[in-house]
Amino acid sequence: MSQIKIAPLGFAAGAEVTGVDLSKPLSSADQSVINQAWLKHLVLVFPGQDLSPEQQIAFSRHFGLLDPQESQAPTTLHPDHREILVLSNKMVNGKKSGTHNSGRNWHTDLTYTPRPAKGAILHCKEKPPVGGDTMWANLYLAYETLSPRIQQLLEGLEAIHDVTLIRGLEQRSPDVIAEMKRRNPPMIHPVIRIHPETKRKSYLVGQRVRGFVGMGDDESRHLLDMLNEHATAPEFVFRHRWQLGDVVMWDNRCTSHVALGDFDQTQPRVMFRCSLEGEQETGRLFERPQTDDRAAMVQAVAAVS
Ligand code: OGA
Ligand code: MN
C-alpha cells in the first residue's frame, strides 16, 4: 500500500506529492501512483528531498529512458554524470556558466531536436532568497479552448523550431553558442500532438518557433503570437516558487514552461535536470525551400503590400 498523498496546487496544473522519499528505491505501487498523478496534474512538486546525482538518475529512470544529452554543449553537463544537465548561474573556471540564463522564454524542452523530451525531473540545489520562479502552461487546455475553426487550421500544420531563438543565447560563451548551433539545426515538428498515454490533443509552438511551413513571415508571426498568447494566458498557467530540496517533474508532452529571471543575479541558483527521452521521433530537418519564380514574385509583392 502506498503512503503517498497528492494535493492539487493549481487548476491548470500542479500537485504536491508527499509521503515518499525519492532517495530510496521506489515500489511499483508508488511508481504507479506517481505516474497517474503526473498524467492528471502535469507538474508534480516533491518538497524536501535531498538526492545525490545517482539517486536523482535512479528515480528518473522509473519514468522512461534518459535523454543521452547529445543536443547539449558538453561543458553544461555534470562532470561525473552526463545524464544531468547543470543549470547554474555560478562562474565555472572564471567564466559564466553556459546555462546561466537557461529557459527564459516559453518553450517545451528539446523541440530543437528530432525527439522533444518526454519530461524532466529538476532538483533545486541552491536558490536565491526570493524569485527565480518557474511557470508551466497546460497545453491541453490551450488546445481545447480554441475555436473549432482555429483547431482545424492547425491540423497538418508544421512549425520550425530554432535553437537560436533561445532567449539570451547570445549572452553565452562563444563555444557554447557554437556547440548548440552545430548540434541543433532547425527542426520541423507537427503543431498538433496527441499524448501517447492520455490520448488528449494539445498544440506545440512556443517562443523558439521561427514560423510555419508554407506560410509567409507575416502570416507566421501573427498566428504564432496569437497561439503563444492564448497558451500562456494566466488561466492556463501554474507558477512554482522554489524551496531548497524541491524535485519538480513535468510532462513535456502537454506543457510548456519558462524560467523567470526575476531574482538577484549575484545570488546562486543551481538546479540539476534529468531529461526523459521522447518516445517519438517527430522532427525532420528544415531545409530552406526553393521558391520558383512565380512564388518569389508573389512573396515580393506580399512583402511590400
Ligand atoms: C529546464 C528549464 C527551468 C528553471 O530545466 O528545462 O527550462 O526554472 N529550467 O530553471
Ligand atoms: Mn526547459
Side-chain angles (χ1 to χ4, degrees), residues 13-14 42-47 51 53 56-57 60 63-64 66-67 69 71-73 76-78 81 83-90 96-113 115-128 130-139 161-163 165-169 171-172 176 180 184 187 189 204-209 228 231-232 237-265 267-278:
L42 321 188
V43 182
L44 298 181
V45 179
F46 301 80
L51 306 184
Q56 182 176 351
I57 290 167
S60 302
F63 302 95
L66 297 194
D67 184 87
Q69 314 260 45
S71 58
Q72 303 303 309
T76 61
L77 303 178
H78 191 293
H81 304 276
E83 300 90 338
I84 290 185
L85 178 78
V86 178
L87 294 159
S88 167
N89 62 351
K90 287 183 167 177
K96 269 191 177 172
S97 132
T99 53
H100 69 93
N101 60 358
S102 286
R104 295 279 162 79
N105 54 2
W106 281 101
H107 67 281
T108 294
D109 289 331
L110 307 189
T111 63
Y112 48 77
T113 76
R115 221 176 246 280
K118 171 181 180 181
I121 293 91
L122 193 62
H123 191 14
C124 179
K125 296 282 182 183
E126 292 183 56
K127 65 173 286 287
V130 289
D133 300 355
T134 309
M135 304 200 295
W136 284 266
N138 179 330
L139 300 180
H161 296 253
D162 189 336
V163 78
L165 297 178
I166 288 180
R167 184 169 168 205
L169 187 71
Q171 293 164 18
R172 300 186 196 168
V176 168
M180 291 300 280
N184 304 295
M187 195 56 62
H189 292 286
L204 173 64
V205 284
Q207 291 175 321
R208 297 174 180 176
V209 164
N228 280 337
T232 59
V237 169
F238 164 65
R239 178 170 181 155
H240 181 57
R241 294 183 200 281
W242 292 92
Q243 299 294 329
L244 221 53
D246 282 349
V247 170
V248 173
M249 168 174 169
W250 65 87
D251 191 337
N252 211 51
R253 299 165 293 183
C254 52
T255 60
S256 60
H257 60 278
V258 62
L260 303 179
D262 64 337
F263 63 100
D264 177 353
Q265 299 297 318
Q267 301 290 320
R269 183 181 191 273
V270 181
M271 305 273 183
F272 282 6
R273 183 182 89 184
C274 286
S275 284
L276 300 174
E277 186 179 58

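Each ligand, and each atom within it, is numbered from 1 in the order the structure gives. Positions are given from 1 along the sequence.
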Looking at [atom], what's its closest protein heavy atom, distance included?
{"atom": "atom 3 (C) of ligand 1", "result": "Ala259 CB, 3.7 Å"}
{"atom": "atom 1 (C) of ligand 1", "result": "Arg273 NH1, 3.3 Å"}
{"atom": "atom 10 (O) of ligand 1", "result": "Arg269 NH1, 2.9 Å"}
{"atom": "atom 2 (C) of ligand 1", "result": "His257 NE2, 3.6 Å"}
{"atom": "atom 9 (N) of ligand 1", "result": "Leu87 CD1, 3.9 Å"}

Does Thr113 form a side chain to side chain contact (heavy atoms under 4.5 Å, CB included) with Asn184? I'd like the steps, not just the answer. CA-CA 6 Å; Thr113 76; Asn184 304 295; 3.8 Å; yes
Atom indices of ligand 1 within 4.0 angstrom of [X] heavy atoms, with elements:
{"X": "His107", "result": "7 (O)"}
{"X": "Gly103", "result": "7 (O)"}
{"X": "Asp109", "result": "6 (O)"}

With the Mn ion (ligand 2) as the point of reference, which N/O/S atom of Asp109 is the closest?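 Relative to the Mn ion (ligand 2), the closest nitrogen, oxygen or sulfur of Asp109 carries the name OD1.
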His107 and Asp109 side chains, donor-acceptor separation under 3.5 Å: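 His107 and Asp109 do have a side-chain donor-acceptor pair below 3.5 Å.
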Please note down the angle at the Mn ion (ligand 2) between NE2 of His107 and NE2 of His257, to the nearest 10°.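 Between NE2 of His257 and NE2 of His107, at the Mn ion (ligand 2), the angle is about 90°.
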Measuring only between side-chain heavy atoms, which start at C-beta, is [X] closer than 4.5 Å to [Y]?
{"X": "Trp242", "Y": "Arg269", "answer": "yes"}
{"X": "His240", "Y": "Trp136", "answer": "yes"}
{"X": "Thr232", "Y": "Val258", "answer": "no"}

Min N/O separation [X] to ligand 1 under 3.5 Å:
{"X": "Asp133", "result": "no"}
{"X": "Thr134", "result": "yes"}
{"X": "Ser102", "result": "no"}

Return the orientation label for the Trp250 and His257 ring planes: parallel under 30°, perpendicular over 60°, tilted otherwise.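 Geometry flag for His257 against Trp250: tilted rings.
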Sidechain-backbone polar pair: Asn89 side chain, Gln267 backbone, donor-acceptor under 3.5 Å: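 Side chain of Asn89 to backbone of Gln267: a pair is present.
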Taking non-hydrogen atoms only, is Trp250 closer than 4.0 angstrom to ligand 1 via side chain, backbone, both or neither?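 Within the 4.0 Å criterion, Trp250 contacts ligand 1 through side-chain atoms alone.
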Val247 vs Ile121, test: side chain to side chain contact (heavy atoms under 4.5 Å, CB included). Steps then yes/no. CA-CA 7 Å; Val247 170; Ile121 293 91; 3.7 Å; yes
For Thr134 and Val248, run side chain to side chain contact (heavy atoms under 4.5 Å, CB included): C-alpha distance rounded to whole Å, both residues' side-chain angles, the deciding distance at 0.1 Å, then the answer. CA-CA 10 Å; Thr134 309; Val248 173; over 6 Å; no
